[in-house]
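Okay, so here's the structure we're looking at.
Only heavy atoms go into these numbers, but all of them, side chains included; no hydrogens, no water, no symmetry mates. The chains referred to below are lettered A, B, ... by the order of the sequence lines, with proteins before strands, and numbering in each begins at 1.
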There are 2 protein chains.
Amino acid sequence: MSLPFPPVAPGSGLAEKCPVRDVLDRIGDRWSLLVLLVLAPKTLRFTEVKRAIGDISQRMLSQTLRTLEKDGYVTRTVYPTVPPKVEYCLTELGGSLLARIAPLVEWANANHDQVRAARDAYVPPSSATPL
Amino acid sequence: MSLPFPPVAPGSGLAEKCPVRDVLDRIGDRWSLLVLLVLAPKTLRFTEVKRAIGDISQRMLSQTLRTLEKDGYVTRTVYPTVPPKVEYCLTELGGSLLARIAPLVEWANANHDQVRAARDAYVPPSSATPL
DNA sequence: CAGCATCCGGTTGGATACTG
DNA sequence: CAGTATCCAACCGGATGCTG
């Protein structure tokens, strides 16, 4: 087994201030990554993002976009027209984050079958070897 | 703005069968990534993993390791000794996944400050410009 | 040592209804 | 169109106590 990794901070309680955790806690929710992905090709309006994802509720999209904006991953531009028009666009920060996630996405696409196979093949420990 | 990304699957309802989501749903929880990280350098016993992380409960560690094992990211080896001894080790699949996460970890470490700064500088929309 | 079972509070996120 | 507010169910995860 290779160990493609620098040592994690030694000692105890590394979860709290760990930057990866802080980033992943946001990106790792149900929708953030997906929103970043659909925004990657081009700037989109609220409804366009919603349509692109399909099964996200208005509430969660709004909330997710707000958080992404807050963390500096997307910009929110309001045009004072009627009806209102709001555009969301990846920032450089968001783009650079997404670039690091790209390999992960490719990996997931390539290895998803293997993971699913592992899940299917899995037998829980101590089945008590019944009959 | 650059767009360092292939287009996401068009149409609707892409969340369900999206491999990235399926992978991230596991890795994105509170502990999975951390466990993978501490296992990266070397095989560890249950208690060693627990100590390495510090503030994970026995319940969550057990549960997390089980899921990681089920997905094929770690192996679980039981030595029929007394007291019992169980070792956890990254599989190749887990190692390759971790390799794709490495850039993300580095990014997080490098840009954490910027994200935090963005959060602090953020002002919610329509503050109603009070006084 | 390495867990599992139970309880139980906080958070996540969906459905719905309403607003500028 | 682009949200906000409210309600509510499901799930996550911590604390504790008990086993082989």
Five pairs per end, C1' atoms only: what is the angle between the end axes of the helix from C/dC1-D/dG20 to C/dG20-D/dC1, to 10 degrees?
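The angle separating the two end axes equals 50°.
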When the distance from [atom1] of [X] to [atom2] of [N] is rounded to whole Å, what number comes out?
X     : N      : atom1 : atom2 : answer
B/R76 : C/dC1  : CZ    : C1'   : 12 Å
B/L24 : C/dT12 : CG    : P     : 17 Å
B/E69 : C/dA2  : CD    : C1'   : 14 Å
A/R26 : C/dT11 : CZ    : C1'   : 14 Å
B/E87 : C/dA2  : CD    : P     : 9 Å
A/K50 : C/dG13 : NZ    : P     : 15 Å
A/L61 : D/dC1  : CG    : P     : 13 Å

Under 4.0 Å between a side-chain N or O of [X] and OP1 or OP2 of [N]?
X     : N     : result
A/Y88 : D/dG3 : yes
B/S62 : C/dC4 : yes
B/R66 : C/dG3 : yes

Once each nucleotide of nucleotides 7-18 of chain D is scored for protein heavy atoms under 4.0 Å, what B/S/- sequence comes out, 5' to 3'?
------BBB---
Taking side chain as C-beta onward, heavy atoms only, is A/V115 less than 4.5 Å from B/L97?
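Side-chain contact under 4.5 Å: no.
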Contact between B/R116 and B/H112 at the side-chain level, heavy atoms closer than 4.5 Å - yes or no?
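B/R116 vs B/H112: side chains touch.
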Compare every heavy atom of [Y] with every heavy atom of [X], then report the nearest pair and how far apart it is.
X     : Y     : answer
B/L93 : B/S96 : O-OG, 2.9 Å
A/L98 : A/L37 : CD1-CD2, 4.0 Å
B/V86 : B/R76 : CG1-CG, 3.8 Å
A/R21 : B/R30 : NH1-O, 3.0 Å

Look only at the side chain of A/T67 and the backbone of A/Q63, and say whether a donor-acceptor pair between them is shorter than 3.5 Å.
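Such a contact is found between A/T67 side chain and A/Q63 backbone.
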Do A/L90 and A/V78 belong together in a cluster built from hydrophobic side chains that touch within less than 4.5 Å?
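Looking at the clustering, A/V78 is in the same group as A/L90.
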Check side-chain hydrogen bond (donor to acceptor under 3.5 Å, both in side chains) between B/Q58 and all other residues, then give those that pass, not counting sequence neighbours.
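In terms of side-chain hydrogen bond (donor to acceptor under 3.5 Å, both in side chains), with neighbours along the sequence ignored, B/Q58 is linked to no residue.
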